[in-house]
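Because the structure is a prediction, the values reported are computed rather than measured. In what follows, chains are A, B, ... by sequence order, proteins preceding strands, each numbered from 1.
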Amino acid sequence: MLLPILQERLQAAVASALPDADLSRVLVRPCTNATHGDYETTALMGLAKERKMNPRQLATDVQARLDVADICEPVQISGAGFLNFRIRSETLGRVIASAARGDHLFVVKTTRPRTVVIDFSSPNVAKPLHVGHIRSTFLGDCLARVFRTLGHRVVTDNHIGDWGTQFGMLLVGWSDHLDTAALAADPIAEMERLYKLVNARCKEDPSVRDRARSELVKLQSGDPENLAIWREMQRLSQVQFDNLYTRLGVQFDVTLGESFYNPKLAGVVAELEAAGIARASEGAVAVFSDGTLPTKEDPLLINRDGEWQANPFLVRKSDGGFNYATTDLATLEHRFNTWAPDEILYITGGPQQLHFRQLFQTYRRWRPGFTARLEHVWFGSILGSDGTPFKTRSGETVKLNDLLLEAEERAFVIVAGKNPDLPEAEQHEIARRIGIGALKYADLLPNRQSDYVFSWDKLLALTGNTAPYLQYAYTRTRSLQRKGGERPDLASLPDSLPLVAREELELARHLLNFGFTLEAVTSDYRPNFLCNYLYELAGRFSQFWENCPVLKAEDPATRTARAALCEVTSRVLGTGLNILGIETVERM
RNA sequence: GCGUCCGUAGCUCAAUUGGCUAGAGCUUCUGACUUCGGAUCAGAGGGUUGUAGGUUCGAGCCCUACCGGACGCACCA
């Protein structure tokens, strides 16, 4: 909020002191260590180093050209050449007052909106959504919300697995073993049963495998009967997807499965071959290195036993079929042509890093005019308490549906225990929000690239860095609103609120950094920055709440200022949780 | 073998272009308490950031080597 102003003034001062300086690197940020001030820049040390100047001398020079007296206390120089800014409490009071009036929420929308396509979740038809989908789903949904909050255009695209080799087996299962009653009761479970059954038969009996293959060929060549079954499987799966996404509050702008791109795959390969990018190899068609990248960075080369060898990207299998590389290229082409994005994000697990490096490199060779940013936003695994991938006790994949049910049940026990007088329906609704919120928060809190250990006790804990703690802090911010009569009037606030107590000032300073935090999330695709920001906000609010009585404050101006801080904290906390995809509750 | 990622307090995790004194929670111990409002707050303990070097005014972060771990490496996605 104030940060962009300080940064602009700093850049002007630097431009006058060093006309050739690269201003895009002259940045202001919140102080990492509050003893030095509220904001700082480390840019001058870097600039001085490049020019072999004395950094303290440069800092002194820039300080003399810098005019921020309307916002800050006198600017300080510290250490090797830091510039430290401390916001005047009168300025803080003014920003808080304007936020309380509803003029802003410490977020400046971008003046240069980008179009960002986000590819996430990507479940498979005829299979249940499971624990392996949750990080992609939560991360993608959260990033979409952050980009939108900052004013960017977002297209969320669910790239459903609806066209793979598994359908050959499913079609055999459908004709040989379908239990229509079971299908009616739980379609996903029945389809999963069919798949497993036929898969096992294939391993024992080659004739079954041949049948699966021929059913798949029939399907892919447009056989009406198989197509009808396939459509039914799709429809039944979509019901499951819709149900779960509704419960999670996750929305997609478009849902285009792999089958959508099927008609284009042959053309993709033909074009790549015609352009000399792909060629036949061992019966398949593959893309090889063109040698333009340094060997160590080339995703199409691999070092085996001390020798650099081809590490090709296969776009057509030796049996003539296409694989996900081909589909991904066609998908990229479609997104490029349809939305002209500035940025495309793929939210998938870490093991796919090589695939995406190969994909991006191949596409850029195919379409040299393509300049958008392509990012593989990858994440680590969810582990059980034994440190191996999270499974059920019997070793099966944990289904998302079961996970949500258990979260809601466990939260219900807590809510009913803490608040037995609430009507049961309300307890259930609160438990739903707490349970699912806890699951999401536990997933978004760790750095996405690290694996994390799943623990019910930890994610539903009422203390520590958890969703329930934040949701509880939110209910505390709301308790004033319920005391209608005694509430100070926020409609007619003075231009600046008197902020005096240490806790008031620290809370106010932290509120100001909401927008900065959201930008940090988008630049590294890391929602954990927002989690930690909100946790710290809740902490500062609690300190304020303990030490700064609102309704009991003697002075009316103090009462108003504190009520405004509560109100603004409430909005930031509520908005922040909402951006994480977490619903708030009024009481819990 | 090669590649990617990781190794931070007893445990689970943070650490914002390399920045000033590496922070939280859990656990342990102590304190506040007939509360506007304790699912809270305050305080204490706990660290050679895997090891050894290097670059830098400054390194958890960058470079090199080594140790330990996860994952990937031609027709699954």
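A:Gln449 has its CD atom 8 Å from the P atom of B:C5, to the nearest Å. Whole-Å rounding puts the A:Gln309 CD to B:G3 P distance at 14 Å. Atom-to-atom, NZ of A:Lys296 to C1' of B:U64 comes out at 11 Å; the value is rounded to the nearest Å. Taking atom CG on A:Asn547 and atom P on B:A32, their separation rounds to 16 Å, with Å as the unit. As rounded to whole Å, 14 Å separates atom P of B:U4 from atom CD of A:Gln358. For the pair A:Leu301 CG and B:U4 C1', the computed distance is 16 Å after rounding to whole Å. Look at CD on A:Glu546: it is 12 Å from P on B:G43, rounded to the nearest Å. Regarding A:Asn532, its CG atom lies at a distance of 14 Å from the P atom of B:C13, rounded to whole Å.
Taking atom C1' on both nucleotides, B:G18 is separated from B:C62 by 8 Å, rounded to a whole Å. Nucleotides B:G69 and B:U51 place their C1' atoms 15 Å apart, quoted to the nearest Å. B:C66 sits 38 Å from B:A24 when the P atoms are compared, rounded to a whole Å. Between B:U30 and B:G19, the two C1' atoms lie 36 Å apart (nearest whole Å). Here, B:C63 and B:A59 have their C1' atoms 11 Å apart, quoted to the whole Å. Taking atom P in both B:U48 and B:U8, the straight-line distance is 12 Å, to the nearest Å. B:G7 and B:C61: their C1' atoms are spaced 14 Å apart (whole Å). Taking atom P in both B:C6 and B:C13, one finds a spacing of 14 Å when rounded to whole Å.
By the ring-ring contact (aromatic ring centres under 6.0 Å, His included) test, A:Phe360 pairs with A:Tyr346, A:Phe356, sequence neighbours left out. Taking the side-chain hydrogen bond (donor to acceptor under 3.5 Å, both in side chains) definition, one finds that A:Glu519 meets it with nothing, sequence neighbours left out. In this structure, the ring-ring contact (aromatic ring centres under 6.0 Å, His included) partners of A:His355, at least two apart in sequence or on a different chain, are A:Phe313, A:Tyr324. Remark: A:Arg29 pairs with A:Glu40 by the side-chain hydrogen bond (donor to acceptor under 3.5 Å, both in side chains) rule, at least two apart or across chains. Take A:Asp489 and apply the side-chain hydrogen bond (donor to acceptor under 3.5 Å, both in side chains) test, not counting sequence neighbours, and it matches A:Ser492. Under the side chain to side chain contact (heavy atoms under 4.5 Å, CB included) criterion, A:Glu426 pairs with A:Leu422, A:Pro423, A:Ile430, A:Arg587, not counting sequence neighbours. For A:Tyr195, the side-chain hydrogen bond (donor to acceptor under 3.5 Å, both in side chains) criterion is met by no residue, not counting sequence neighbours. Residues that satisfy the ring-ring contact (aromatic ring centres under 6.0 Å, His included) test with A:Tyr452, not counting sequence neighbours, are absent from this structure. Partners of A:Thr255 by side chain to side chain contact (heavy atoms under 4.5 Å, CB included), not counting sequence neighbours, listed by chain and number: A:Asn158, A:Ile160, A:Gln238, A:Phe252.
Residue contacts shown for A:Pro446 are limited to sugar-phosphate atoms, with no base heavy atom under 4.0 Å away. Here A:Arg540 lies out of heavy-atom contact (under 4.0 Å) with every strand. Residue A:Val550 is classed as a base contact, given a heavy-atom separation below 4.0 Å to a base. As judged by a 4.0 angstrom heavy-atom cut-off over every strand, A:Trp308 is placed among residues making no nucleic acid contact.
Along RNA chain B, the nucleotide nearest A:Lys418 and the nucleotide nearest A:Tyr452 are compared for position; the residue whose nucleotide lies closer to the 5' end is A:Tyr452.
In RNA chain B, the stems built from three or more successive Watson-Crick or G-U pairs (distances below 3.5 Å) are B:1-7 with B:67-73, B:10-13 with B:23-26, B:28-32 with B:40-44, B:50-54 with B:62-66.
Remark: the A:Thr35 side chain and the A:Asn33 side chain contain an N/O donor-acceptor pair separated by less than 3.5 Å.
A:Tyr469 has a side-chain polar atom (N or O) that falls below the 4.0 Å cut-off from OP1 or OP2 of B:C41. For B:G3, neither phosphate oxygen OP1 nor OP2 lies less than 4.0 angstrom from any side-chain nitrogen or oxygen of A:Gln353.
Aromatic rings from A:His133 and A:Phe241 are positioned such that their centres are separated by 6.0 Å or more.
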Under 4.0 Å protein heavy-atom contact, by nucleotide of nucleotides 16-27 of chain B - B base, S sugar-phosphate only
BBBBB---SSS-
Determine, for nucleotides 68-77 of chain B in 5'-to-3' order, which nucleotides have protein heavy atoms under 4.0 Å from the base (write B), from only the sugar-phosphate (write S), or from neither (write -).
---S-BBBSB
If you apply the rule side-chain contact (heavy atoms from CB on, under 4.5 Å), what do you find for A:Leu507 with A:Glu503, and how did you get there?
CA-CA 6 Å; A:Leu507 176 58; A:Glu503 292 84 358; over 6 Å; no
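Here the side chain of A:Asn447 is nearest to one of B:A15, B:A39, B:U12, namely B:A15.
Checking A:Phe544, A:Phe541, A:Phe516, A:Tyr533 one by one against A:His510, the ring-ring contact (aromatic ring centres under 6.0 Å, His included) holds for a single residue, A:Tyr533.
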